[in-house]
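Have a look at the structure below before the remarks.
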Amino acid sequence: PKRGDVIVFKYPVDPSINFIKRLIGLPGDVIEISDDRVFINGKVLQNIPVEQIHKGVQLFQENNAEKKYFIQHSPSQMIKMVKKIIIPDGQYFFMGDNRDNSNDSRFWGLVPKSFLKGKAVLVWLSFDSLEGFIPKIRWNRFGQIL
């Protein structure tokens, strides 16, 4: 797996459940998260503002050395966690693209290599949970290649 890939893996809290998140940290990396910025081996992941998609929700293009992809921040839900993690051999660090509202490695830790199932290739279904109580399907994302 490469940094920036979207990977399907067994959920570390309950391995009977499949999870899908973006791979941020590889074995040997030093990951640090501070004030909504992600540092990999001392270098910050560049975030370029793209658009405001809802009140208080900002879309960014995140660039790492290998890939460009979109993430979102929701300042009203801001999670300011400060961590410094050295990723051991055979372990991986994952984050969701909805950075301030994601159940990911910041909460349940690293994922062992044996839990990885494969790379996701396209968006099968995407909901917009910010438009009221009933989520709406985001048809524009259906079938989008990752």
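Residue numbers run from 1 in the order of the sequence given.
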> Taking atom CD1 of Ile87 and atom CG of Asn41, what is their separation to the nearest 0.5 Å?
Replying inline: 8.5 Å

> Among the clusters formed by ILVMFWY side chains lying less than 4.5 Å apart, do Phe39 and Phe93 turn up in the same one?
Replying inline: no

> Linking I/L/V/M/F/W/Y whenever any side-chain heavy atoms sit under 4.5 Å apart, do Val30 and Ile24 land together?
Replying inline: no

> If you measure only the distance, is there a donor-acceptor pair under 3.5 Å linking the side chains of Asn103 and Tyr11?
Replying inline: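 Result is yes, a qualifying pair exists.
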
> Side-chain donor-acceptor pair under 3.5 Å between Lys10 and Asn18, yes or no?
Replying inline: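 Lys10 vs Asn18: no donor-acceptor pair found between side chains.
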
> Are Val38 and Val44 close enough, and set up right, to give a side chain to side chain contact (heavy atoms under 4.5 Å, CB included), and what steps lead you there?
Replying inline: CA-CA 6 Å; Val38 178; Val44 69; over 6 Å; no

Which heavy atom of [X] sits nearest to which heavy atom of [Y], and what is that distance?
| X | Y | value |
| --- | --- | --- |
| Asn63 | Lys68 | OD1-CG, 2.9 Å |
| Arg99 | Tyr69 | NH2-CE1, 4.1 Å |
| Lys67 | Lys119 | NZ-NZ, 3.9 Å |
| Pro1 | Leu26 | O-CD2, 3.9 Å |
| Pro12 | Val111 | CG-CG2, 3.8 Å |
| Ser105 | Leu110 | OG-CA, 4.4 Å |

> In terms of heavy-atom contacts, does CG of Asp89 have more than 12 from other residues, nucleotides or ligands at under 6.0 Å?
Replying inline: no

> Does Ile86 CD1 have over 12 foreign heavy atoms under 6.0 Å away?
Replying inline: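 Count not over threshold, so no.
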
> Going by the angle between their ring planes, with limits at 30° and 60°, are Phe9 and Trp108 parallel, tilted or perpendicular?
Replying inline: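 Phe9 and Trp108: tilted rings.
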
>> Keeping Arg22 on the side-chain end and Met95 on the backbone end, is there a donor-acceptor pair under 3.5 Å?
In response: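 Here the side-chain-to-backbone pair does not exist.
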
> Asp104 side chain to Arg106 main-chain N or O, any donor-acceptor pair under 3.5 Å?
Replying inline: yes

> Do Ile7 and Leu116 pass the side chain to side chain contact (heavy atoms under 4.5 Å, CB included) test, and can you show the C-alpha distance, the side-chain angles, and the key distance before you say yes or no?
Replying inline: CA-CA 7 Å; Ile7 304 289; Leu116 304 186; 4.1 Å; yes

